[in-house]
Amino acid sequence: MTIHLALYKWKDSATREQIEVVFRTLTALGPKIPGLIGIACAKNESKYNEGYTHVIFVRGKNQTAIDAYRSHPEHLKIASIVESMEDRGIGVDFSIP
């Protein structure tokens, strides 16, 4: 399994409603992309968050599925919206047996 994890600190101008729309849209992509196991989006509740308030967690059968997620037209559209809303973001990809 390959996991893609993204953490975000939003610009002050990003509203809760905008974040919720982004997360609903991303979550709905899961069933549309072969090889994806699931997409979860949530508020980061860790006291060690360093200002990263939200997380996107994508599980794929392999890196090919994660790559298909990244290049999917609907993901590209929402990613451009995320880029306009984020102050900072970090992504991590890793594989586990």
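Residue indices begin at 1 and follow the sequence shown.
Geometric assessment of Arg88 against the ring of Tyr52 yields a positive cation-pi assignment under the 6.0 Å and 45° thresholds.
For the atom pair CD1 of Ile90 and CG of Leu5, the computed distance is 9.0 Å after rounding to the nearest 0.5 Å. Distance CD/Glu74 to CG/Leu26: 10.0 Å, rounded to 0.5 Å. Between Ile3 atom CD1 and Ile37 atom CD1 the span is 8.0 Å, to the nearest 0.5 Å. One finds the OG atom of Ser13 at 8.5 Å from the CE atom of Met85 (value rounded to the nearest 0.5 Å). Here OG1 of Thr53 is found 7.5 Å from CG of Asn44. Values are rounded to the nearest 0.5 Å.
The minimum heavy-atom distance linking Ile81 with Ser84 is given by the pair O-OG, 2.7 Å. The heavy-atom pair separating Ile39 from Gly30 by the smallest distance is CD1-N, 3.6 Å. Of all heavy-atom pairs spanning Ala65 and Leu36, the tightest one is O-CD2, 3.9 Å. When every heavy atom of Thr2 is checked against every heavy atom of Ser95, the shortest pair comes out as OG1-OG, 3.1 Å. In plain terms, the two heavy atoms of Thr27 and Cys41 that are nearest each other are OG1-SG, 3.8 Å. When all heavy atoms of Arg70 and His75 are compared, the closest pair comes out as O-ND1, 3.1 Å.
Side-chain heavy atoms closer than 4.5 Å link hydrophobic residues (I, L, V, M, F, W, Y) into clusters, and following such links, even through other members, never connects Leu76 to Val21. Residues Phe23 and Ile33 fall within the same hydrophobic cluster, defined by Ile, Leu, Val, Met, Phe, Trp and Tyr side chains chained together at heavy-atom separations under 4.5 Å.
If you look at His4 and Phe57, their ring centroids are not closer than 6.0 Å. His54 and Tyr8 have their aromatic ring centers separated by at least 6.0 angstrom.
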Check the pair Met1 / Lys61 against side-chain contact (heavy atoms from CB on, under 4.5 Å), numbers first and verdict last.
CA-CA 5 Å; Met1 175 184 325; Lys61 290 182 179 178; over 6 Å; no
Report the C-alpha distance between Trp10 and Val82 in whole Å, list the side-chain angles of each, state the deciding distance to 0.1 Å, and finish with yes or no for side-chain contact (heavy atoms from CB on, under 4.5 Å).
CA-CA 9 Å; Trp10 305 108; Val82 168; 4.1 Å; yes
Could you walk me through whether Val22 and Arg24 satisfy the side-chain contact (heavy atoms from CB on, under 4.5 Å) test, starting with their C-alpha distance in whole Å, then the side-chain angles of each, then the deciding distance to 0.1 Å, before giving a yes or no?
CA-CA 6 Å; Val22 164; Arg24 276 196 308 272; over 6 Å; no
Pair Tyr69-Asp67, side-chain contact (heavy atoms from CB on, under 4.5 Å): steps then yes or no:
CA-CA 5 Å; Tyr69 161 76; Asp67 293 342; over 6 Å; no
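Salt-bridge annotation for Lys11 and Glu86: absent, with no side-chain N of the basic residue lying under 4.0 Å from a carboxylate O of the acidic one. Look at Lys9 and Asp87 and you find a salt bridge, because one of the NZ, NE, NH1 or NH2 atoms lies within 4.0 Å of a carboxylate O, short of that distance.
Counting non-hydrogen atoms of other residues, nucleotides and ligands closer than 6.0 Å to CD of Gln63 gives a total above 12. The environment of Glu17 atom CD is dense: over 12 non-hydrogen atoms of other residues, nucleotides or ligands sit within 6.0 angstrom.
In this structure, the side chains of Ile66 and Val58 come closer than 4.5 Å at one or more pairs of heavy atoms. The side-chain heavy atoms of His72 and Leu29, taken from C-beta on, include a pair separated by under 4.5 Å.
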